[in-house]
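Chain A is the first sequence line, chain B the second, and so forth, proteins listed ahead of strands; every chain is numbered from 1.
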Amino acid sequence: MQHASDHWSIAILVLALSLIILFKIVTAQRGKLPTIRRIAGLNAIDEAVGRATEMGRPILMIPGIGGLDIVSLQAMNIFGHIGRSVAKFGNRTIMAVCDAILVGIGEEVVRDAYTSAGRPELFDSADVRFLSDRQFAFASGAAGIIEREKVAASFLMGAFYAEALIISEVGQRVGAIQVAATPQFTQLPFFIATCDYVLLGDEFYAAAAYLSRNPTLLGSIVGQDYAKLLILTIVVIGTICSSGLALLGGHIGPLAHAFKWYMDLFTS
Amino acid sequence: MNDTVWNKLQSIDPRVLYVVLLVIIAAPMLFPGMTLPIVPGQQSKDAFATIQKLGAQKPAKLVLLDGVWSASTRGESAWQTQAIMLQLMRLRIPFAIMSADPQNPQLMENLADALARKNNYVYGRDYINFGYQVAYTQTLKGIVRDIKGTLKTDWTGKPLAGFAIMANVNSIKDVGAIAEITPSSTLDSWLGLVTQIYHTPLIYVPTAVMAPEGYPFRDSGQIAGIVIGVKGAGDYESLMGVKLEGTQVSTALSLVYALIIFLVILGNIGYHGSRLAAKNASNREKAI
Amino acid sequence: MGIFHSIPHTNWHFYLALALTLVAGIAMLVILQLLPSQWRRPMIALVTFLGGLYYFAEFFIPVPHGHEGNFLSKYMDSVANIASVIGSFSIGLGIISLIGVHFRTALRQREGWGFSTVLLGAFAAMTAFTLLNEYAPHRTVVPRTGALHSPITNGDIYGVLFNGGLASLDSAMFALIGFFIISASYRAFRIRSVEASMLMVSAVIVMLGQVTLGSWLTGWLPRTGAASAFRFENMSEYILVHLNSPAQRAVTFGLALGALATSLRLWLSLERGLYFDQEQ
């Protein structure tokens, strides 16, 4: 589907979902703050950072191997919060990026974290490193950093593919506490096997809201949940229509037409 | 039994495991006769049948092979690509290679050239290589309406209009099927931007770890078949009645899976054994 | 709108356009520097909004009947090229960062300086021979001698570095995953609950169904009929299609909505704290 006019019903659905999300953001900004449930992996951040500080070993943050996209920016958002926690403890942060364009953003995020904690002198721009834009060269570099620096905590958040297991297994070997989050659910089993905490599915997108308690982000999470309810309703009605069509067999009548019309709204 | 035995079962040195793995992987490579019989899966059969149906039409429409893999995943992707190319060449179906990775054009070309020599396929007449496309999403959007205008040249820089294979290929309507050979999440782009417009059959050729992504789309009929990892390559070879690298590596893969299952069971025996031993020791102390 | 069409680089128009673009770019940089700080946030928000507005408008503006796109569609390539150009600049930034870190490490002989030296050497060699292979692939580097039957050219050395070095190392790193999955699964997969047992059983069935071993183990069962449901490949297919896929679809919906929400917040500059000043 390249344009809305290829399938107007889908375009209208996307607009409706967007409006729901924006509406809940606005209501949250006006004071109606929702609560969101506990996410174990995010509660462990302070524990991980504190442990790293006691051991005198640095913290590693990797925003995945994606480029400048939503997933990487969301990861950077989360790292901003984690960075502030690290800076409060006066510990060292290393960030390894796979896309050169994220070097600048990463430096801003980490510098701002140390500045906001009143420790700007602890920031070292050499600790935000571009390793390589090749997947396995990046994995090799990240594994090398983990082994040489003996990181005590690593946060693997963003788009990961096959290199996920290499990085997390090496982290497991040096005894680092590892918290992982990725929208790539094919990599979740590998993270679950090697990391201490894993954020599943859209907990990744909820993480920034959870950590900051920012009204905009909290409202966004609630908006997403209402949007899911809308999709669920559409799916349930679609199931009824599809089952109805199957039960009616080849019989053509107003009911069959109605079922078919509904099905055609959401299929290409 | 002494509980240290149970602990030992749970804590075998990883280096020992790696040596065992190495031996198990190497054995089918060193003894090529060591193969297990292959029963092709339904997903591979569907993919195979899609191409067979295309081959029955004369003249057959062009098949587009989109390669997203690089040297890192050639252990799976190369054999999948080889199997599909062999089927296309046997059916005399013209095909085009397009790449979303800088290493891929050369890797696909090497495979195509090696098979072309044995199957009397000629570059420019029977197959062509469009090369690496930098702006992937833009390219996909563009080829829907104008392949020659979007891609312009082959990977050596020669204009596409000069090749016999491109004579009747103008847009995606003139493409009979697309095979997406990938180790990444690129399926959504093809489904959203290309195949749903003219319902061009799409065959998903992922590495094994990415295969689950394709099942929902196969279930809904949006993809025509899935060639899953090296086993899929073995399935394809079995359907064509040949035994190439896909078959050999499938056997090695089977043995590795068996090793993983065995070690997991071993670890769990050790875990539950040690828990039971600790419980019995505690009961004995209470009795005393 | 002529500036959005490609200008052939064989005449003075191209050089004039290049010069004007450079001047405009420098002027824009100067203006941005001179802007009062309270204007920066609205400026960033405006540029972000305009950037996203093009794609939003191009998608939603109806396509006239018989056309392939609307009036904005023909600029898609040019707009995408802007992103590619910015990305190209960032490569230089990344390389400077990479070289700088390792050069300092090697020069001061800090811990791991040997690795840094190897990286710098490999970087230099690969860059040099890639360029030489592009522009002078057949130039002889090592002439034919008694020991060498044919001269070694730039192309030959590039081939060794690329196929023998880069490609092989890429494959080797991927192969490491096989070893790591052995140690990770042996260490981590413990059955501690009923759910874990169900997970383990289904994992074993799916694993065996994906390889020839499973087909061989249950090959004695008939291929059709009720009993065929117990063949590993059929049980695996059932789990993947009827159990795994619905869960996967649910996760995909959630992730897609998360991405939509994040995109909206970024496009409309509703995000705070990351790119702007401290949250109030």
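Two residues are said to be in side-chain contact when any heavy atoms from C-beta on lie closer than 4.5 Å; A:Arg37 and A:Glu203 meet this criterion.
The contact between C:Ser73 and chain A is made entirely by side chain atoms (from C-beta outward), counting heavy-atom distances below 4.5 Å. Heavy atoms of C:Ser97 lying under 4.5 Å from chain A belong exclusively to its side chain. Within the 4.5 angstrom heavy-atom criterion, only side-chain atoms of C:Phe189, from C-beta onward, approach chain A. Contacts between C:Leu264 and chain A at a heavy-atom distance below 4.5 Å involve the side chain alone, from C-beta outward. Proximity to chain A is absent for every atom of C:Leu169, based on heavy atoms less than 4.5 angstrom apart. Proximity to chain A (any heavy atom under 4.5 Å) is shown, for C:Phe60, by both the backbone and the side chain.
Note that the CZ atom of C:Phe115 and the CZ atom of A:Arg148 stand 6.5 Å from one another [nearest 0.5 Å]. Summarising the geometry, atom OH belonging to A:Tyr114 is positioned 12.5 Å from atom CZ belonging to A:Arg111; distances are rounded to the nearest 0.5 Å.
Note on C:Gly69, C:Gly254, C:Ala188, C:Ser263: by heavy-atom pairs under 4.5 Å with chain A, the leading option is C:Gly254. Ranked by heavy-atom pairs under 4.5 Å with chain C, the first of A:Leu200, A:Val97, A:Ile25, A:Ile231 is A:Ile231. Contact count versus chain A (heavy atoms, under 4.5 Å) is highest, among C:Ile96, C:Leu93, C:Leu260, C:Val251, for C:Leu260. Between chain C and the options A:Gln172, A:Lys228, A:Gln74, heavy-atom pairs under 4.5 Å are most frequent for A:Gln172.
A:Ala137 approaches C:Asp170 most closely through the heavy-atom pair N-OD1, 4.4 Å.
Formation of a donor-acceptor pair under 3.5 Å by the A:Asp202 side chain with backbone atoms of C:Gly258 is not found in this model.
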Handout entry: Pair A:Asp225-A:Lys24, salt bridge (Lys or Arg N to Asp or Glu O under 4.0 Å): steps then yes or no
Key = CA-CA 10 Å; A:Asp225 282 351; A:Lys24 292 315 283 185; over 6 Å; no
